[in-house]
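Notes follow once the structure below has been shown.
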Amino acid sequence: MASMMFTDCSSSTTARLLPFRHNPLLRRNNGVVSLRRLINLSSPRSLRLHSSSSLSPSPIASLATETPAKVIDGKSVAKQIRDEINAEVARMKDAIGIVPGLAVILVGDRKDSATYVRNKKKACDSVGINSFEVRLPEDSTEQEVLKFISGFNDDSSVHGILVQLPLPPHMNEQNILNAVSIEKDVDGFHPLNIGRLAMRGRDPLFVPCTPKGCIELLHRYGVPIKGKRAVVIGRSNIVGMPAALLLQREDATISIVHSRTKNPEEITRQADIIISAVGQPNMVRGSWIKPGAVIIDVGINPVEDEKSPRGYRLVGDVCYEEASQIASAITPVPGGVGPMTIAMLLSNTLVSAKRVHNFQ
């Protein structure tokens, strides 16, 4: 897939790709964008605009369904989940006097990271979860970060710990993330959590937020998973791999498409469910999609658009204009998976507090 050319698939001739290499709002893992690091793309200056040659339109006319796909509204579902969390937090506080707490550690002064931390705090406030925040300068030592993690590990009022990524280059990210107590690893990235997710008969303490949000959308829209053929595009530790493991737990038959896959279009076309998390604008064309498939598009990619006031707009990994005429249901970008990620972070924090205090 890496050798293919990807472009905008709308009728506009002004939309062009924005490269990811220098986009500070995105963090890559094995070539896959981590949606949990995404932030509002409010500053066009943070993006370098490049143009790309166009692809010919995908031959989808013969595949189109009679009615457009149902829109899987992640924004609406996330709001519903936050309301449910708010009610549970209030019930827990009234019953045992405990309020869940989420601690976030931010190192450096990156504007995108600072904005994302503010969004997390706002989300915590909206559901009644206590938020704790540590801001350290860019030149802080790894030991200073580890000291705060250790403190939060021992703090009974903190039920979840999140280290905002990326960290400064002089720090060992793996060492720092592994220092977070597995009982407070609300990001779900601890190796023991991932290992338990992969094993039958074992349950992880936490599931990574974005993949968890993808599966929750399928559940809330009544999409059957058991016995279905599912294709996950992308194999990152953050989205693709745990998404595949979650689908497998739901008794789907899984294929993973990645940068070395031969005939990715042919494999993807067999899928009843597609989860795409590869970070390539409009890569999945109409010709890749089986009529009636359900599509969860994790990608969020800026493409230049002269008609937009900001000079760009956001698109997914899937060509929405083509896919929506073939699929039975699809998530929009933005407004699909994105809002679910923070909702699942709040959910994991609540789950942690309930587990610690044995609250049902």
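Not one N or O on the side chain of N193 forms a donor-acceptor pair closer than 3.5 Å with the backbone of P204. Under a 3.5 Å cut-off, the side chain of E142 and the backbone N or O of N172 do form a donor-acceptor pair. Between the side chain of T349 and the backbone N or O of L345, at least one donor-acceptor pair lies under 3.5 Å. Proximity of a side-chain donor or acceptor of H170 to a complementary backbone N or O of T141 within less than 3.5 Å is not detected. D185 contributes a side-chain N or O that, together with a main-chain N or O of F189, makes up a donor-acceptor pair within less than 3.5 Å. At distances below 3.5 Å, at least one donor-acceptor pair connects side-chain atoms of Y221 with backbone N or O atoms of D73. Checking side-chain atoms of N348 against main-chain N and O of D187 turns up no donor-acceptor pair under 3.5 Å. Between the side chain of E322 and the backbone N or O of G286 there is at least one donor-acceptor pair closer than 3.5 Å.
Ionic pairing of E144 and K147 is not present here: no N-O contact between side-chain nitrogen and carboxylate oxygen is shorter than 4.0 angstrom. Between R249 and D203, at least one side-chain N (NZ, or NE/NH1/NH2) sits under 4.0 Å from a carboxylate O, which counts as a salt bridge. Ion pairing between K212 and E216 fails under the 4.0 Å rule for side-chain N and carboxylate O.
The distance from the CD1 atom of I300 to the CG atom of D317 is 10.5 Å, given to the nearest 0.5 Å. To the nearest 0.5 Å, the span separating CD1 on I326 from OG on S287 amounts to 7.5 Å. Atom-to-atom distance recorded for L162:CG and K120:NZ is 4.0 Å, nearest 0.5 angstrom. Note that CD1 of I233 is 11.0 Å distant from CD of Q280, once rounded to the nearest 0.5 Å. Rounded to the nearest 0.5 Å, atoms CD1 (I72) and CD1 (I296) are 4.0 Å apart. Put simply, OG1 on T268 and CE on M283 are 6.5 Å apart, with the number rounded to the nearest 0.5 Å.
When hydrophobic clusters are built by joining Ile, Leu, Val, Met, Phe, Trp and Tyr residues whose side-chain heavy atoms come closer than 4.5 Å, directly or via intermediates, M241 is grouped together with L192. Linking ILVMFWY side-chain heavy atoms closer than 4.5 Å, directly or via other members, places L350 and V356 in two distinct hydrophobic clusters. Under the 4.5 Å side-chain heavy-atom criterion for grouping Ile, Leu, Val, Met, Phe, Trp and Tyr, I129 is not connected to V351 through any hydrophobic cluster. V134 and L146 fall within a single hydrophobic cluster, where Ile, Leu, Val, Met, Phe, Trp and Tyr side chains are chained together by heavy-atom contacts under 4.5 Å.
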Problem set entry | Stepwise salt bridge (charged side-chain N to carboxylate O under 4.0 Å, His left out) test for E266 and R269 | CA-CA 5 Å; E266 179 181 338; R269 197 162 47 234; 5.7 Å; no
Problem set entry | Verdict with reasoning, Q360 to N358, per side-chain contact (heavy atoms from CB on, under 4.5 Å) | CA-CA 6 Å; Q360 302 297 322; N358 195 28; 3.6 Å; yes
For this session: I would like to know whether S131 and V104 meet side-chain contact (heavy atoms from CB on, under 4.5 Å); could you show each step before the answer?
Result: CA-CA 8 Å; S131 60; V104 179; over 6 Å; no
Problem set entry | I149 vs I105, side-chain contact (heavy atoms from CB on, under 4.5 Å): CA-CA, chis, key distance, verdict | CA-CA 8 Å; I149 291 175; I105 298 174; 3.6 Å; yes
For this session: Run the numbers on R220 and Q80 for side-chain contact (heavy atoms from CB on, under 4.5 Å), then give the verdict.
Result: CA-CA 10 Å; R220 299 233 175 188; Q80 181 182 353; 3.3 Å; yes
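Proximity of H190 to V180: side-chain heavy atoms (C-beta onward) are nowhere separated by under 4.5 Å. Looking at V294 and D272, their side chains never come closer than 4.5 Å, going by heavy atoms from C-beta outward. Taking the side chain as every heavy atom from C-beta outward, V315 and N301 approach each other to under 4.5 Å. Under the 4.5 Å side-chain criterion, counting only non-hydrogen atoms from C-beta, P191 is in contact with N178. Looking at Y320 and I330, their side chains come closer than 4.5 Å, going by heavy atoms from C-beta outward. In this structure, I295 and S324 have side chains that are not in contact, with every pair of non-hydrogen atoms separated by 4.5 Å or more. In this structure the side chain of F359 never reaches within 4.5 angstrom of the side chain of I98, judged on heavy atoms. The shortest side-chain heavy-atom distance between P339 and K79 does not fall under the 4.5 Å cut-off.
V186 approaches C209 most closely through the heavy-atom pair O-SG, 3.6 Å. Contact between N153 and K184 at its shortest, heavy atoms only, is O-NZ, 3.0 Å. Pairing each heavy atom of V99 with each of G128, the nearest pair is CG1-O, 3.2 Å. For A323 against V318, the heavy-atom pair with the smallest separation is CB-CG1, 3.5 Å. When all heavy atoms are compared, the tightest approach of P68 to Q325 is CB-NE2, 4.3 Å. Shown here for C214 and V298, the closest heavy-atom pair between the two residues is SG-CG2, 3.6 Å.
Side-chain contact of S181 with E183: a donor-acceptor pair under 3.5 Å is present, judged by distance alone. At a cut-off of 3.5 Å, with distance as the only test, a side-chain donor of T115 or R118 sits close to an acceptor on the other residue.
Heavy-atom contacts from other residues, nucleotides or ligands closer than 6.0 Å to CG of D109 number 12 or fewer. Heavy-atom contacts from other residues, nucleotides or ligands closer than 6.0 Å to NZ of K121 number 12 or fewer.
Judged by the 6.0 Å and 45° rule, R355 forms a cation-pi pair with F206.
Taking the six-membered ring where tryptophan is involved, the planes of F132 and F152 are tilted, since the angle between them lies from 30° to 60°.
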